[in-house]
Amino acid sequence: MNEVKVVSFDAEGTLVTPDFSYAIWFEAIPVRYAERNGIDFETARKAIEDEYRKVGDQRLEWYDIRYWFEKLDLGIPDPVMERCVSKVRYYPEVKEVLESLSGRYELVVASGSTRDFLHHLLQDIEPYFTKIFSSLTDYKQLKTSEFYLKLCQDMGVKPGQIVHVGDNWQFDFVAPREVGIQAFYLDRKGQTDHQDSVTSLLQFRAHLAD
Ligand SMILES: [Mg+2]
């Protein structure tokens with residue numbers, strides 16, 4: 001992979017575990033909703049999950065914490081997010097891999113999370129990255145092939161000069177490939193038998209050295 005200049009990483013499920021987001025969506029928000037409406041936690045959690053389902057993950061609002069706080073009349077999200085920061089956890093190999101790749105390539109994050117989340121999610125590893133892209137905040141879209149093309153333009157490189165890795169088959173593997181970006185599917189559970197799937201970022205790094 002001689003001509004690779006940029007290595008692009010998804011954030012959640014790839015660099016950082018889902019714990020922080022889970023704590024916000026399924027714990028902190030229901031707790032606040034329960035308090036504000038004088039109901040118990042379980043009732044609140046069920047009501048909130050129903051609301052999430054009605055919107056669904058194909059709509060942009062699903063990912064937008066400010067939309068939810070407004071819709072559910074929960075005040076402002078920032079203090080709630082601050083309180084969950086101790087839940088931010090990186091996968092064990094992340095720092096080692098970023099450290100070793102950062103001298104050889106430009107590293108970027110290409111995430112579907114909003115900047116509200118990325119700000120917290122990447123707090124300890126942000127210095128490794130030249131640029132952090134949020135498809136939702138920056139381009140008002142999910143991670144489509146168009147998003148990846150814009151990322152190439154922004155970085156001033158051709159699709160063939162980027163390699164991307166992430167844990168969502170559609171958003172991290174299919175979409176970047178459609179525009180000619182080499183992509184690897186990160187399947188940490190190792191359930192996929194595909195030549196371009198990897199079970200950790202260490203395995204991904206080994207492919208880069210090929
Ligand atoms: Mg992900």
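No hydrogens, no waters, no symmetry mates; every other heavy atom, side chains included, goes into these values. Indexing begins at 1, ligand by ligand and atom by atom, following the structure's order.
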Undergrad: Quick one: ring-ring contact (aromatic ring centres under 6.0 Å, His included) partners of Phe26, sequence neighbours excluded?
TA: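 So Phe26 forms a ring-ring contact (aromatic ring centres under 6.0 Å, His included) with Tyr22, Tyr52.
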
Undergrad: Could you check whether Arg32 pairs with Glu35 (Lys NZ or Arg NE/NH1/NH2 to Asp/Glu carboxylate O, under 4.0 Å)?
TA: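 No.
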
Undergrad: I'd like to check the side chain to side chain contact (heavy atoms under 4.5 Å, CB included) partners of Pro92; sequence neighbours left out, ordered by chain and number.
TA: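 Pro92 satisfies side chain to side chain contact (heavy atoms under 4.5 Å, CB included) with no residue once adjacent residues are dropped.
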
Undergrad: Checking Tyr185 against His194: is there a side-chain donor and acceptor pair closer than 3.5 Å?
TA: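 No donor-acceptor contact under 3.5 Å links the two side chains.
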
Undergrad: Just wondering, do Asp196 and Phe173 contact through their side chains at under 4.5 Å, heavy atoms?
TA: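 Yes - at least one pair of side-chain heavy atoms lies under 4.5 Å apart.
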
Undergrad: Under the side-chain hydrogen bond (donor to acceptor under 3.5 Å, both in side chains) test, which residues partner Glu27, sequence neighbours left out?
TA: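 Applying side-chain hydrogen bond (donor to acceptor under 3.5 Å, both in side chains) to Glu27 gives none.
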
Undergrad: Given a threshold of 2.8 Å, state how many protein N/O/S atoms are nearer than that to the Mg ion (ligand 1).
TA: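 Under the 2.8 Å cut-off, the count stands at 3.
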
